[in-house]
Q: 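Have a look at this one.
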Number of protein chains: 2
Amino acid sequence: MTTAHELTKNQTLVFNTLSRADGPLSAYTILDQLRGDGFRAPLQVYRALEKLLDYGMVHRLESINAFVACAHPHNHSHSHGMTAFAICEKCGQVSEFSDDVITQRVRQWTTDNGFKQTKTTIEIRGVCAACGTA
Amino acid sequence: MTTAHELTKNQTLVFNTLSRADGPLSAYTILDQLRGDGFRAPLQVYRALEKLLDYGMVHRLESINAFVACAHPHNHSHSHGMTAFAICEKCGQVSEFSDDVITQRVRQWTTDNGFKQTKTTIEIRGVCAACGTA
DNA sequence: TCTCGATATGTGATGTTATTACATTAGTCA
DNA sequence: TGACTAATGTAATAACATCACATATCGAGA
Ligand SMILES: [Zn+2]
Ligand SMILES: [Zn+2]
Ligand SMILES: [Zn+2]
Ligand SMILES: [Zn+2]
């Protein structure tokens with residue numbers, strides 16, 4: 001079901017920047033990294049991000065105003081469930097996972113309450129195993 | 001276990017503003033509503049919000065950069081579980097709830113992965129029952 | 001091939017959200 | 001009193017995001 005999306009030049013540049021990064025980047029950090037490629041304005045980044053988010057290739061981390069490449073590069077659908085993120089406040093590493101039980105419980109609540117969900121954000125802030133023992 | 005906190009003047013003003021509102025407010029909206037009470041700068045709002053968040057009297061909605069008074073005004077602890085929010089994109093109404101199963105599953109993941117969580121954000125965006133049938 | 005419409009891009013200005021830095025005021029307690 | 005802490009006031013700045021308008025690119029059909 002994974003549709004291959006033909007990325008435009010700017011989308012490719014932004015996606016590659018995120019893919020190479022070892023953690024989430026802010027839009028302005030991406031902009032700075034792409035100055036050498038001709039990027040001059042935030043909108044160039046935000047427009048590319050908008051598409052990449054649509055395609056499911058990138059996620060937005062609401063709690064830190066940053067963006068990260070999807071951890072499942074060959075399966076951009078996330079068709080079955082909601083995605084959760086654990087964000088380390090020490091090293092910035094993000095772990096992406098999904099949990100069917102959580103997905104079901106959220107769906108249960110929305111069903112029970114007549115709420116039509118369009119997007120769900122689950123972000124766990126804290127300290128990762130590596131940083132916790134360091 | 002609910003500790004009564006003595007609020008300062010600014011904290012009281014900000015909390016009352018949020019309590020009277022029928023939905024979440026941005027810090028700058030709060031500021032505007034408090035101009036008549038002598039508020040002149042964002043920091044006055046942010047400093048009060050910081051304390052109110054500490055006390056658990058107010059929640060920050062990460063996905064919309066806004067703040068809302070806790071829906072459980074006489075029990076600011078949230079001691080037992082994580083709080084989730086359903087945010088209507090039509091009318092702005094926020095429903096606050098907590099689900100033990102979700103809390104347990106998140107804890108399970110963090111335990112399994114050695115992740116020390118400090119705060120967890122769960123926000124469901126969509127359309128509430130009232131707006132969905134309107 | 002030409003024209004049209006849709007999509008993508010370039011650019012400056014502006015809007016929105018949050019913090020830094022420093023000065024001042026008010027309460028607490030030897 | 002003096003010394004300390006918490007709270008407040010204010011200006012400036014930083015960080016994040018969008019609007020408005022111009023230009024470019026590309027493909028479907030006349
Ligand atoms: Zn993903
Ligand atoms: Zn870490
Ligand atoms: Zn609450
Ligand atoms: Zn609604």
Side-chain angles (χ1 to χ4, degrees), chain A residues 3-18 21 23-55 57-68 87 89 92 94 119 121 123 125, chain B residues 3-18 21 23-55 57-68 87 89 92 94 119 121 123 125:
Chain A
T3 306
H5 293 282
E6 284 304 318
L7 298 186
T8 66
K9 174 164 144 284
N10 286 2
Q11 287 159 20
T12 302
L13 287 165
V14 169
F15 183 65
N16 288 344
T17 301
L18 281 174
L25 301 179
S26 77
Y28 278 73
T29 301
I30 296 170
L31 174 58
D32 286 341
Q33 297 199 9
L34 290 176
R35 298 256 181 218
D37 295 284
F39 272 48
R40 327 206 83 223
L43 203 48
Q44 295 174 288
V45 177
Y46 282 109
R47 284 202 276 227
L49 285 172
E50 184 179 16
K51 292 293 185 185
L52 295 170
L53 290 166
D54 276 354
Y55 301 156
M57 300 171 68
V58 161
H59 299 290
R60 175 188 174 86
L61 302 177
E62 307 279 4
S63 66
I64 58 173
N65 295 324
F67 303 85
V68 67
I87 306 166
E89 307 196 300
V94 174
K119 181 173 194 275
T121 297
E123 296 177 18
R125 308 285 299 276
Chain B
T3 305
H5 293 282
E6 285 304 319
L7 298 185
T8 66
K9 174 164 144 283
N10 286 4
Q11 288 160 19
T12 302
L13 287 165
V14 169
F15 183 65
N16 288 344
T17 301
L18 281 173
L25 301 178
S26 76
Y28 279 76
T29 300
I30 296 170
L31 174 57
D32 285 340
Q33 297 198 10
L34 290 176
R35 298 257 182 219
D37 295 285
F39 272 48
R40 324 207 89 222
L43 201 49
Q44 294 175 288
V45 177
Y46 283 110
R47 285 203 276 228
L49 285 172
E50 184 179 16
K51 290 296 186 182
L52 294 169
L53 290 165
D54 276 353
Y55 301 157
M57 300 172 68
V58 161
H59 298 291
R60 174 188 177 88
L61 302 177
E62 308 279 5
S63 66
I64 57 173
N65 295 324
F67 303 86
V68 67
I87 305 167
E89 306 194 303
V94 174
K119 181 172 194 271
T121 297
E123 295 178 18
R125 309 284 299 274

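Below, chain A is the first sequence line, B the second, and so on; all start at residue 1. Computed from heavy atoms alone, side chains included, the values below leave out hydrogens, waters and symmetry copies.
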Q: Starting from C1' on C:dT19, measure out to CG on B:Leu31 and report it in whole angstrom.
A: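 From B:Leu31 CG to C:dT19 C1': 15 Å.
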Q: Roughly how many Å is it from CG in A:Asp37 to P in C:dT9, rounded to a whole number?
A: 13 Å
Q: Taking CD from A:Glu6 and P from C:dT7, how many angstroms apart are they, rounded to a whole number?
A: 16 Å
Q: Examine the base of D:dA14 for any acceptor or donor lying under 3.5 Å from a partner atom in the side chain of A:Tyr28, and report the outcome as yes or no.
A: no
Q: Can a side chain N or O of B:Gln44 be found less than 4.0 Å away from OP1 or OP2 on D:dT8?
A: no
Q: C:dA18 phosphate, OP1 or OP2: any side-chain N/O from B:Asn65 under 4.0 angstrom?
A: yes
Q: Nearest whole Å is fine: how far is D:dC16 P from A:Tyr46 OH?
A: 7 Å
Q: If I take atom CG in residue A:Leu34 and atom C1' in nucleotide C:dT9, what distance separates them, rounded to the nearest angstrom?
A: 14 Å
Q: Is B:Thr29 reaching over with its side chain to a backbone N or O of B:Leu25, donor-acceptor style, under 3.5 angstrom?
A: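 Flag not set: sc B:Thr29 to bb B:Leu25 has no pair under 3.5 Å.
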Q: Return the stems involving DNA chain D, sorted by first number, where pairs are Watson-Crick (N1-N3 with N6-O4 or O6-N4) or G-U wobble (N1-O2 and O6-N3), both under 3.5 Å, and runs are 3 or more long.
A: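 Detected stem regions: C:1-30 with D:1-30.
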Q: Can you tell whether the side chains of A:Lys119 and B:Glu89 come within less than 4.0 Å, N to carboxylate O?
A: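 Salt bridge: no.
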Q: Please report, rounded to the nearest Å, how far the P atom of D:dT5 is from the NZ atom of B:Lys51.
A: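 To the nearest whole Å, that distance equals 14 Å.
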Q: Tell me whether the OP1 or OP2 atom of D:dA6 has a side-chain N or O from B:Thr8 closer than 4.0 Å.
A: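 It does not, given that no N or O in the side chain of B:Thr8 lies less than 4.0 Å from OP1 or OP2 of D:dA6.
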Q: For C:dT17, does either OP1 or OP2 sit under 4.0 Å from a side-chain N or O belonging to B:Ser26?
A: yes
Q: Please determine whether a side-chain nitrogen or oxygen atom of B:Arg60 lies at a distance below 4.0 Å from atom OP1 or OP2 of C:dT17.
A: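 Looking at the OP1 and OP2 atoms of C:dT17, neither is under 4.0 Å from any side-chain N or O of B:Arg60.
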Q: Is the number of heavy atoms from other residues, nucleotides or ligands within 6.0 Å of CD (A:Glu50) greater than 12?
A: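 Not buried by this count: 12 neighbours or fewer within 6.0 Å.
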Q: B:Ile64 has an atom CD1; how far is it from atom P of C:dT17, in whole Å?
A: 10 Å
Q: For B:Glu50 and D:dA7, give me the distance from atom CD to atom C1', rounded to whole Å.
A: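 Interatomic distance, CD of B:Glu50 to C1' of D:dA7: 12 Å.
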Q: Return whichever of B:Pro42 or B:Gln11 has its heavy-atom-nearest nucleotide of DNA chain D closer to the 5' end.
A: B:Gln11
Q: Look up atom CD in B:Glu123 and atom CG in B:Leu61, then write down how far apart they are to the nearest 0.5 Å.
A: 5.0 Å
Q: Check this for me: does the side-chain of A:Arg40 come within 3.5 Å of the base of C:dG12 through a donor and an acceptor?
A: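 Answer is no: no donor-acceptor pair is held.
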Q: Among C:dT19, C:dT9, C:dT11, which nucleotide has an atom closest to any side-chain atom of B:Leu43?
A: C:dT19
